[in-house]
Number of protein chains: 2
Amino acid sequence: MKPKTQRPERRTDALSKERIVEAAIAILDADGEAALTFRALATRLATGSGALYWYVTDKSDLLAAAADDVIGRVMSKLAGITEPREAIRTIALGAFDAIDAHPWVGAQLLRDPEQPASLQIFEGIGSRLQALGVPTPAQFDAWSALVHYILGVAGQNAANARLFPRDTDRSTFLDKMAARWAQLDPAGYPFLRQVSAQLPGHDDREQFLSGIDLILAGIEGTSARQR
Amino acid sequence: MKPKTQRPERRTDALSKERIVEAAIAILDADGEAALTFRALATRLATGSGALYWYVTDKSDLLAAAADDVIGRVMSKLAGITEPREAIRTIALGAFDAIDAHPWVGAQLLRDPEQPASLQIFEGIGSRLQALGVPTPAQFDAWSALVHYILGVAGQNAANARLFPRDTDRSTFLDKMAARWAQLDPAGYPFLRQVSAQLPGHDDREQFLSGIDLILAGIEGTSARQR
DNA sequence: ACCTGAACACCGTTCAAGT
DNA sequence: ACCTGAACACCGTTCAAGT
């Protein structure tokens, strides 16, 4: 038996689901959803495309894992928050910011309601709504309204991100969007043309939050009346 | 010059964008989004796949036209409604029912905020919000909340439809969904497990409408306070 | 057990060639 | 002007063959 002063080093670059997901996120962030192919991923990881299937069931599994990774980080920051209304706003804002940083997450959340990322958001909102003291019969509807609103914003932000090059910043994005709406037929689209003037310089993060508050106000108004 | 008693009959099956869109909708409704390929569409229209590009820019143009066709029919039924609150509910319900009948429309609405189908919904909601008397500064936020909620439901219904075979009816769908949520980890997902009991037999059309009402209540409560 | 990469069965889109 | 359908440049996924 030959003296083994050093056992074979564990390959630091060995494949694993975590490494694959990490690389996938890097591609998605850098070049968008269309750039994530098994070929591109395999090249980046210096392996064959078939090797990825050892760790990942298929592409939807990969995307679900990537979204779960991002949303999981958001949800883990909730430990300290006990006030339910604040927790709801924190979850919502956390999701908003995550989608702002990773627009593909927005599209992914709309793709499969049973993926972990979606379930985490569903449960996070629901449990705080219970804690908020919304009467049990009203909880389901209130939860549905909040969750669908959040998902709608998520999907729409993902779509907006697809409309423009990845490096477009907030203000030029809003300017371009406003310019397009301003060109709509005045007879057919008076409202959108009017709103287009408010688009530049408006804070959509703030607007998102005021939507949450609007729904919370509706919930509290309605359940107060029912009490 | 030979006597032409009959001029060449206009081919009743000549291609046109309308016929292509109609055939695309038929495929989408019958076999789902994945079944719509240019090859399948060309076969159904008894032509070559390249011919379609004479009438349609590309696949996203085709999908946008198909969604516009469906949503256009919904919006055309609004002429008689003058009461703005009722008009908003009618637009929302119309979109809901259209997506229920054509789930792919839900996915398509989330894909491009500048397509005609989206703009029609955006404008329809916005103009009634003005008519409702929501103060101008509050209109933008109120509009955003309603529209994102509607889109969220649209996207989620499309996703739910993808989870199950196309012929699954409402009640078995809810039963299966409930069964899945009931199997979630009790420690991690207490709320979803509790809600799963309410899933069978609940009316999601009614729930959708109560979400609209919740938001409208929030809007009216907030603008009343500001007045 | 894990990895390789060619092969398979598809796509959307283009385009020379036809009528 | 309109249509045909092969060809091109891709995909996701599988799988025999390697280590």
Side-chain angles (χ1 to χ4, degrees), chain A residues 7-28 30-67 104 107-108 111-112 115 159 162-163, chain B residues 2 4 7-28 30-67 104 107-108 111-112 115 159 162-163:
Chain A
R7 69 174 74 154
E9 198 76 39
R10 180 204 249 277
R11 280 177 66 196
T12 59
D13 64 336
L15 280 180
S16 66
K17 184 151 185 178
E18 297 81 67
R19 277 198 71 224
I20 292 172
V21 167
E22 188 188 349
I25 291 175
I27 291 175
L28 289 163
D31 300 308
E33 234 167 314
L36 182 66
T37 67
F38 277 82
R39 272 163 249 255
L41 193 52
T43 302
R44 176 182 259 263
L45 291 165
T47 184
S49 59
L52 305 173
Y53 286 86
W54 192 263
Y55 300 96
V56 143
T57 311
D58 53 24
K59 194 169 183 180
S60 78
D61 177 39
L62 174 61
L63 284 167
W104 53 272
Q108 178 56 26
R111 215 140 21 207
D112 175 12
Q115 68 185 318
R162 268 194 304 267
L163 285 180
Chain B
K2 59 181 177 185
K4 276 188 172 182
R7 69 174 74 155
E9 197 78 39
R10 180 204 249 275
R11 282 177 63 195
T12 60
D13 64 335
L15 279 180
S16 67
K17 183 151 185 179
E18 296 82 65
R19 278 198 69 224
I20 291 171
V21 167
E22 189 188 349
I25 291 176
I27 292 175
L28 289 163
D31 300 307
E33 232 167 316
L36 181 67
T37 68
F38 277 83
R39 272 163 249 254
L41 193 51
T43 302
R44 175 182 260 264
L45 292 165
T47 184
S49 59
L52 305 173
Y53 286 87
W54 191 264
Y55 300 95
V56 142
T57 312
D58 54 22
K59 194 169 184 182
S60 79
D61 177 39
L62 174 61
L63 283 167
W104 52 272
Q108 178 57 26
R111 213 139 25 207
D112 176 10
Q115 68 184 318
R162 268 194 304 268
L163 285 180

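Hydrogens, waters and symmetry mates are skipped; everything else that's a heavy atom, side chains included, is used. Chain letters run A, B, ... following the sequence lines, proteins first and then strands; every chain starts at 1. In this text, all values refer to a predicted model and were calculated from it rather than measured experimentally.
In this structure, of D/dG12, D/dC3, C/dG12, it is C/dG12 that holds the atom nearest to the side chain of B/T37. Here the nucleotide nearest the side chain of A/L15, chosen from C/dT13, C/dC3, D/dT13, is C/dC3.
Atom CZ in B/R19 sits 10.5 Å away from atom CG in B/L52 (nearest 0.5 Å). For the atom pair CG of A/L15 and OH of A/Y55, the computed distance is 5.0 Å after rounding to the nearest 0.5 Å.
Residues passing the side-chain contact (heavy atoms from CB on, under 4.5 Å) test with B/A26 are B/R44, sequence neighbours excluded. In this structure, B/T43 has no side-chain contact (heavy atoms from CB on, under 4.5 Å) partners at least two apart in sequence or on a different chain. For A/E33, the side-chain contact (heavy atoms from CB on, under 4.5 Å) partners two or more places apart in sequence, or in a different chain, are A/L28, A/W104, A/A107, A/R111, A/R162. With sequence neighbours excluded, the residues that form a ring pair (Phe, Tyr, Trp, His ring centres under 6.0 Å) with B/Y53 are B/F38.
Protein atom CG of B/L63 is 10 Å distant from nucleotide atom P of C/dT13, rounded to whole Å. Atom CZ in B/F38 sits about 10 Å away from atom P in C/dT14, given to the nearest Å. Nucleotide C/dT13 holds its C1' atom 14 Å from the CG atom of B/L41, rounded to whole Å. One can place CZ of A/R39 at 11 Å from C1' of C/dC8, the figure rounded to the nearest angstrom. What separates CG of B/L45 from C1' of D/dC2 is a distance of 15 Å, to the nearest Å. Put simply, CD on A/E33 is 19 Å from P on D/dC10, counting in whole angstrom units.
Of all heavy-atom pairs spanning B/L41 and B/A24, the tightest one is CD1-N, 3.6 Å.
Side chain of B/Q115 to backbone of B/A67: no donor-acceptor contact under 3.5 angstrom is found.
Residue A/L36 is classed as a sugar-phosphate contact, given heavy-atom separations below 4.0 Å to backbone atoms only.
For the segment residues 49-59 of chain B, residues with any heavy atom less than 4.0 angstrom from an atom of DNA chain D are, sorted by number, B/S49, B/G50, B/A51, B/W54, B/Y55.
Within the structure, the salt bridge (charged side-chain N to carboxylate O under 4.0 Å, His left out) test picks out the following pairs touching residues 51-63 of chain B (sequence neighbours left out): B/K17-B/D61.
Scanning DNA chain C for stems, defined as runs of 3 or more consecutive Watson-Crick or G-U wobble pairs whose donor-acceptor distances all fall under 3.5 Å, gives the following ranges: C:4-8 with D:12-16, C:12-16 with D:4-8.
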